[in-house]
Structures are given as C-alpha cells and as structure tokens.
S.K.: 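A single structure is presented below for examination.
No experiment lies behind these values; they were computed from the predicted model shown.
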Amino acid sequence: NVAASNSFILRVVAKVNNVLTNVNTTPLSNVATVGYTDPNTNTNVTSGPSSQTVSVIEPRLQVNKTVSKSTAECGELLTYTITVSHAPQSTATAYDVELKDVIPTGMIYDPGSLMVFSAAPPSAAPTTLTELGQVVTAQWGSFPMGSSVTIKYRAKTPTCPPATSNQVFPNTANLNWTSQSGATPDE
C-alpha cells in the first residue's frame, strides 16, 4: 500500500495443471477485476476486467530407429541406430526421459556394442545407458530443446537352425517423458 496514491501491487503465482485440456500452444487467460466500496459515496465500484494470456508449452519427443540391413543371413551381426530428438511441434525441455528397446527373442545382443554415437550438444548424452536382459535403456534427467542423441548397438540373428527362412524379428523402441522435472502428483 502506497499511502500517497492508495495503489496496491498484487502478484499472483500460478501453476499450469497437467490436465487433458492443457496441451501444447493452448492459450490460458487470467482475468482480474477489482471491487471496492467508495468511502465518500458508500457505493460499490468495480474496475476491469483486465486480462493476460499465456500459452502452454510442452515437450514433444520423437524416436527414429533403423537397422543396417532389412534382411539378414542366419548368425549375421546387425547394427541398430536409435535417434531421440525434439519433434517440430515441441516447445519445451523434456524431463525424466526414458528410452527402452527390447531386443527380440532369438536375437543375441553383442556385448559391449552399446554406445552413444552422437549427442548434440554433448551435454545431451544420456545420464544412464545400459543393456540388461535383452533390454537397452537410456535415461535423461532433462532433454533440452534442440537436443538430438543417436545411440547404436549390435545384435546377432539366430544361427541356423533354429532360425528359419523369412523369419521376422520386429524390434520397436519406446520413449517416455514428462513436462515437469521430478516426481509430481499431477503427472
């Protein structure tokens, strides 16, 4: 309260809730009005409304996976390449990022072949990169806007037999992330 002008400054801090309607680029308006009783006339006076609008920002990541050959001989070593990056519509850093790639039954992971091939910027490299029980896992505490990371590993097709001609080994990588750092009850 400034005594000379009777003006007030109110600061409101708000958090965007993680609800289905709050998605990337959604505008959210905050409207304020002020009301008071005029001490000279004893009437109610309302001023406003005045509003400010903010847009929701959210990370959107994408994963691209390729294999060195789409067809292979029995017992052949294949190289898998996985790239994690922000999708074009992404507008924020992603947090608690986890990539999981289950190597198909019958394929054999080549020990020691898992590596970060490239990370831009270098600080975007995963904090954890492991293979355990035929599952490749990469984790990041945060994945800043503009980051891109490429991970490679090798796996061998089964020897003949038991592999049969035209046998298919689907191999899909899954990526999960949050829009807020750490454990939050709203996510």
Side-chain angles (χ1 to χ4, degrees), residues 10-32 50-68 78-155 168-187:
L10 299 174
R11 296 196 196 285
V12 178
V13 177
K15 177 180 170 184
V16 176
N17 285 332
N18 187 22
V19 295
L20 290 177
T21 55
N22 288 344
V23 295
N24 205 21
T25 71
T26 299
L28 299 175
S29 293
N30 185 351
V31 179
S50 178
S51 68
Q52 290 292 314
T53 301
V54 297
S55 291
V56 175
I57 59 172
E58 281 190 307
R60 290 283 184 250
L61 300 183
Q62 57 191 8
V63 61
N64 183 39
K65 183 173 181 179
T66 60
V67 64
S68 56
L78 302 175
T79 300
Y80 288 93
T81 303
I82 304 168
T83 301
V84 176
S85 60
H86 279 267
Q89 67 272 30
S90 186
T91 56
T93 295
Y95 296 95
D96 308 318
V97 179
E98 182 176 70
L99 170 77
K100 282 202 177 283
D101 183 10
V102 178
I103 300 169
T105 301
M107 297 284 293
I108 302 163
Y109 170 73
D110 181 24
S113 67
L114 180 60
M115 62 180 258
V116 174
F117 180 74
S118 66
S123 60
T127 53
T128 304
L129 183 62
T130 60
E131 183 280 330
L132 183 62
Q134 294 284 99
V135 179
V136 170
T137 303
Q139 296 174 321
W140 295 260
S142 66
F143 199 80
M145 283 290 298
S147 297
S148 180
V149 174
T150 300
I151 296 166
K152 291 188 176 197
Y153 70 89
R154 291 186 306 270
V168 177
F169 294 94
N171 188 343
T172 303
N174 295 301
L175 187 63
N176 294 299
W177 67 90
T178 63
S179 57
Q180 297 176 0
S181 179
T184 60
D186 298 327
E187 290 195 299

S.K.: Of all the heavy-atom pairs spanning L61 and W177, show the shortest one and how long it is.
M.R.: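 Closest approach of L61 to W177: N-CZ2, 3.3 Å.
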S.K.: Is there a side-chain contact between V116 and V149, using heavy atoms and a 4.5 Å cut-off?
M.R.: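 Result yes, sub-4.5 Å side-chain heavy-atom pair found.
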S.K.: What is the minimum heavy-atom distance between A124 and F143, and which atoms define it?
M.R.: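 Scanning both residues completely, I find the closest heavy atoms to be O-CE1, 4.2 Å.
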S.K.: May I ask you to decide if Q139's main-chain N or O and T127's side chain share a donor-acceptor pair within less than 3.5 Å?
M.R.: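 Side chain of T127 to backbone of Q139: a pair is present.
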S.K.: I'd like to check the ring pair (Phe, Tyr, Trp, His ring centres under 6.0 Å) partners of Y153; sequence neighbours left out, ordered by chain and number.
M.R.: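 Applying ring pair (Phe, Tyr, Trp, His ring centres under 6.0 Å) to Y153 gives Y80.
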S.K.: In chain order, what residues pass the salt bridge (Lys or Arg N to Asp or Glu O under 4.0 Å) check against E58, with sequence neighbours excluded?
M.R.: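 Partners of E58 under the salt bridge (Lys or Arg N to Asp or Glu O under 4.0 Å) test: R60.
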S.K.: Could you tell me which residues satisfy side chain to side chain donor-acceptor pair (under 3.5 Å) with T93, sequence neighbours excluded, listed by chain and number?
M.R.: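 None.
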S.K.: Ignoring hydrogens and geometry beyond distance, is a side-chain donor-acceptor pair present between S85 and Q62 at under 3.5 Å?
M.R.: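 Note: S85 and Q62 side chains meet the donor-acceptor criterion.
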S.K.: Calculate, to the nearest 0.5 Å, the distance between atoms OG1 and CG belonging to T150 and N64 respectively.
M.R.: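 Going from OG1 on T150 over to CG on N64, the span is 9.0 Å.
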S.K.: Return the NZ to CG distance between K100 and N174, rounded to the nearest 0.5 Å.
M.R.: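 So the NZ of K100 and the CG of N174 are separated by 10.0 Å.
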S.K.: Looking at L175 and V63, what are the two nearest heavy atoms and their distance?
M.R.: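 Where L175 meets V63 most closely, the heavy atoms are CD2-CB, 4.2 Å.
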S.K.: Answer yes if the side chains of T25 and S55 hold a donor-acceptor pair under 3.5 Å, and no otherwise.
M.R.: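 Not at all, the side chains of T25 and S55 share no donor-acceptor pair under 3.5 Å.
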S.K.: Of the non-hydrogen atoms in G133 and E131, which two are nearest, and what is the gap between them?
M.R.: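 The answer is N-OE2, 3.7 Å.
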S.K.: With a 4.5 Å cut-off on side-chain heavy atoms, are L129 and L114 touching?
M.R.: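 With C-beta onward as the side chain, the pair touches.
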S.K.: Side chains of L99 and I151: does their closest heavy-atom pair fall under 4.5 Å?
M.R.: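 SC-SC contact between L99 and I151 confirmed.
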S.K.: Locate the shortest heavy-atom distance separating S113 from R154; write the atom from each residue and the value.
M.R.: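 S113 and R154 have their closest heavy atoms at OG-N, 2.9 Å.
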S.K.: So which of S179, P144, S142 actually passes side-chain contact (heavy atoms from CB on, under 4.5 Å) with P59?
M.R.: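 The side-chain contact (heavy atoms from CB on, under 4.5 Å) with P59 is passed solely by S179 among S179, P144, S142.
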S.K.: Treating Q134 as the side-chain partner and M107 as the backbone partner, does any N or O pair qualify as donor plus acceptor under 3.5 Å?
M.R.: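 Confirmed, Q134 side chain pairs with M107 backbone.
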S.K.: For V31 and S51, which heavy atoms make the closest approach, and how far apart are they?
M.R.: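 Closest pair (atom of V31, atom of S51, distance): CG2-CB, 3.8 Å.
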